[in-house]
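Structure first, commentary second.
The figures here come from the full heavy-atom set of this structure, side chains too, leaving out hydrogens, waters and symmetry mates. Residue numbers start from 1 in every chain, and the chains themselves are labelled A, B, ... in the order their sequence lines are given, proteins ahead of strands.
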Amino acid sequence: MNTWSNIRTIAKRELAAYFSSPLAYVFIVIFLLLCGFFTFMVGGFFERGEASLVRPFFDWHPWFYLFLVPAVGMRLWAEERRVGTIELLLTMPITAWQAIVGKFLASWLFLGLALVLTFPIVMTVNYLGSPDNGLIISGYIGSWLMAGAYLSISCFTSAMTRTQVVSFIVSVVICLFLILAGFPPVIRLLEGWAQPWLVDVVTSFSVITHFDGFQKGVLDTRDIVFFGSIIGFSLFTTSVILRGHRAG
Amino acid sequence: MIKVQNLAKVFGAKRAVDGVSFSVERGEVLGFLGPNGAGKSTTMRMITGFIPPSAGTASVGGFDVVAQPIQAKRLVGYLPENAPAYTDMTVHGFLNFAAEIRGLTGDAKKKAVYRVVEMCFLESVLHQSVETLSKGYRHRTCFAQSIIHDPEVLVLDEPTDGLDPNQKHEVRQLIRRMGEKKAIIFSTHILEEVDASCSRVIIIDRGRVVANGTPDELRARSDWAGAVTLRVGGLTGAAARDQLGRIPEVKHISIVAEDPSGVSVRVYPKPSATRQLARVIGEATHGWRIEELHTEEGRLDEVFRNITMPDTVNAREEKE
Ligand SMILES: Nc1ncnc2c1ncn2[C@@H]1O[C@H](COP(=O)(O)OP(=O)(O)OP(=O)(O)O)[C@@H](O)[C@H]1O
Ligand SMILES: [Mg+2]
């Protein structure tokens, strides 16, 4: 009860902070432009001649998020440490966990909002034909979970440094690894010299592999657990890093 | 209310705080003095639960800051050094946030915000972004945040830093007033503040407590305490030195100024005679034309220097 009201207070402040700076609007506009452009122009939506959103729309999300999500997450703790407000935050009667979760949820909700704002694309598809809307919804769920996984990684890279740029670069690199591990050209390269089991291990770390299920309309527990455990692990790492800084 | 025992903090090879013990009760205002890097802020950060101690314990209202951090933090209002505040919020939004996270809601929240806005004179900037505030106003905003829940314990790290003289005065008065019902600990580099608001003073140096007492007790440790300064007309310095030197209670004489019309002398007492030097001098100097005579009170700045840099002070005195 108390826990939730603390988390809510933190999250509310954090969300308000997004919208009080141009960052939120710039992010949303860029995300929507990218989605529209890639779906209809590059993704070959019209050439396919079918009213399906799954491949042309969602296929690009792991790549959009690679740059956009770290841009959203980089300030979470780095800014807090640079300005010194972390000293206020962590001497309030709340636990570090409540602060971490509150901040994470705020950014995740923000990413969710950006995702929801792509609804005109869904409407267009529905206007042009009759797509499988169940597939679309499961794609959205998967995309949001994937964004959360990226975000949690930015969250902990942000706790590592006072400099937002460093945080951004490190989290892009980590997220890039999570994508490439399941990127078909990379897999083909791996299959050339590695044992099949090793290829399996590597691809099992990939967000692409796990996002694929959602695009097929399969809500597999293993995929959900995969994203959930990235989030859990990264947030836990964040708390360890924050404790480490304070212990000196 | 605040109890600190053998508190220590080690950063790498550096002992920033090295076995500090003291306690502050309700109704006390403790002034925390010490040179730069002495460990004042580090001690305060441990009391407020921001950094964990390397050794020793700190408790607030009976709650250990490590074992029961939430209960302890509830009782404390904290103004960190440099008064950080969320730059992306307005003053009003920031104070509302502070009130909410302290568990205030609805009417109580509104009242609390209103109260601190008035106490800290923030009406004129209430809807301004924290980012564009002047340093003094930002300081006041952060100070307002620390008292928003009317805490029983206040920890203030240089609360008057960056304030104009009027505001400094206001804050000192405020601290003094609040100190009647709360336990307050504040650090400062301005020694006048000690007299203006403290009931007790602790001086720390290189992580250790080197003095602990009331401002008067500390002042009494000054070499100046009880010294008598007098101006005598129609006398040379040498004659004055000669005659005053014969008084058994006198430890040391210095000539402050000498000109054809007379001489100003400062006479330092032996420790046993601090209170009576003026009388003794009066008796021993019949026939002198004394134009001025007063007993010095002892000066905190000199005590501070003596305590925190004994080597340099002694070296200079020897040269003289
Ligand atoms: N996070 C940290 N890592 C390493 N050393 C630190 C850290 N924080 C403080 N120190 C060191 O601990 C010592 C005490 O610092 P502290 O900030 O407590 O001093 P202070 O008494 O508040 O000084 P000032 O009057 O300048 O504010 C300093 O030597 C400082 O360099
Ligand atoms: Mg300090």
Side-chain angles (χ1 to χ4, degrees), chain A residues 1-25 72 75-103 106-107 110 162 164 239-248, chain B residues 9-12 14 16-17 41-42 44-54 63 65 68-90 93-94 96-105 109 129-131 138 142 145-146 148-149 151 155 157:
Chain A
M1 170 55 216
N2 217 335
T3 304
W4 277 109
S5 76
N6 285 345
I7 290 178
R8 210 179 47 227
T9 307
I10 302 278
K12 212 171 77 184
R13 196 212 77 74
E14 203 63 38
L15 263 179
Y18 277 118
F19 286 101
S20 72
S21 75
L23 179 74
Y25 306 101
V72 168
R75 48 175 288 288
L76 279 178
W77 290 100
E79 181 72 0
E80 199 88 42
R81 289 185 60 206
R82 191 181 64 79
V83 180
T85 41
I86 189 169
E87 197 168 345
L88 280 182
L89 190 64
L90 297 182
T91 53
M92 296 289 185
I94 58 168
T95 63
W97 259 110
Q98 290 164 0
I100 291 170
V101 172
K103 277 169 161 288
S107 318
F110 171 69
R162 280 166 215 272
Q164 299 194 9
S239 80
V240 171
I241 292 172
L242 288 179
R243 191 151 358 112
H245 287 315
R246 294 191 285 149
Chain B
K9 182 74 202 178
V10 182
F11 291 115
K14 185 174 178 63
V17 175
S41 300
T42 307
M44 291 180 154
R45 287 183 177 134
M46 288 191 279
I47 295 172
T48 53
F50 179 57
I51 54 178
S54 307
F63 299 109
V65 295
Q68 295 163 292
I70 303 296
Q71 287 96 323
K73 286 172 185 175
R74 260 194 210 119
L75 299 176
V76 181
Y78 178 37
L79 170 66
E81 196 168 31
N82 301 325
Y86 288 105
T87 48
D88 44 36
M89 302 176 97
T90 63
F94 178 64
N96 261 312
F97 167 69
E100 268 170 45
I101 207 134
R102 293 293 186 175
L104 296 166
T105 49
K109 180 173 83 173
S129 152
V130 170
E131 185 158 30
R138 205 189 62 217
C142 195
Q145 160 281 133
S146 73
I148 200 154
H149 53 305
V155 178
D157 204 344

| Side-chain (B:Lys73) to main-chain (A:Leu90) donor-acceptor, under 3.5 angstrom | yes
| field | Salt bridge A:Lys12-B:Glu100, side-chain N to carboxylate O under 4.0 Å | value | yes
| note | Whatever's closer than 4.5 Å to a heavy atom in chain B on A:Ala17 counts as both
| So which part of A:Gln98 gets closer than 4.5 Å to some heavy atom of chain B, the side chain, the backbone, both or neither? | neither
| task | Pick whichever of B:Ile101, B:Ile51, B:Leu79, B:Thr105 has the most heavy-atom pairs under 4.5 Å with chain A. | result | B:Ile101
| said: Given heavy-atom pairs under 4.5 angstrom as the criterion, report whether the side chain, backbone, both or neither of B:Gln145 touches chain A. | reply: side chain
| said: Tell me the closest heavy-atom pair linking A:Arg246 and B:Lys9, and the distance in Å. | reply: O-NZ, 3.8 Å
| field | Spacing of OH belonging to B:Tyr86 relative to CD belonging to A:Glu14, to within rounding of 0.5 Å | value | 7.0 Å
| CE of B:Met89 to CZ of A:Arg13: how many Å apart, nearest 0.5 Å? | 5.0 Å
| Euclidean distance, B:Asn96 CG relative to A:Thr9 OG1, rounded to 0.5 Å | 11.0 Å
| query | Is it true that atom CZ of A:Arg81 has more than 12 heavy atoms of other residues, nucleotides or ligands lying nearer than 6.0 Å? | reply | yes
| message | Can you tell me which of B:Phe94, B:Phe50, B:Phe97 forms the most heavy-atom pairs within a distance under 4.5 Å of chain A? | response | B:Phe50
| remark: If you tally heavy-atom pairs under 4.5 Å between each of A:Ile10, A:Val83, A:Leu89, A:Leu88 and chain B, the highest tally belongs to A:Leu88
| query | Side chain, backbone, both or neither: which part of A:Arg75 has a non-hydrogen atom closer than 4.5 Å to chain B? | reply | side chain
| task | Give, for atom CD of A:Glu87 and atom CG of B:Asn82, the distance between the pair rounded to the nearest 0.5 Å. | result | 9.0 Å
| request: Spell out, as yes or no, whether a donor-acceptor pair under 3.5 Å connects the side chain of A:Ser20 to the backbone of B:Asp88. | output: yes
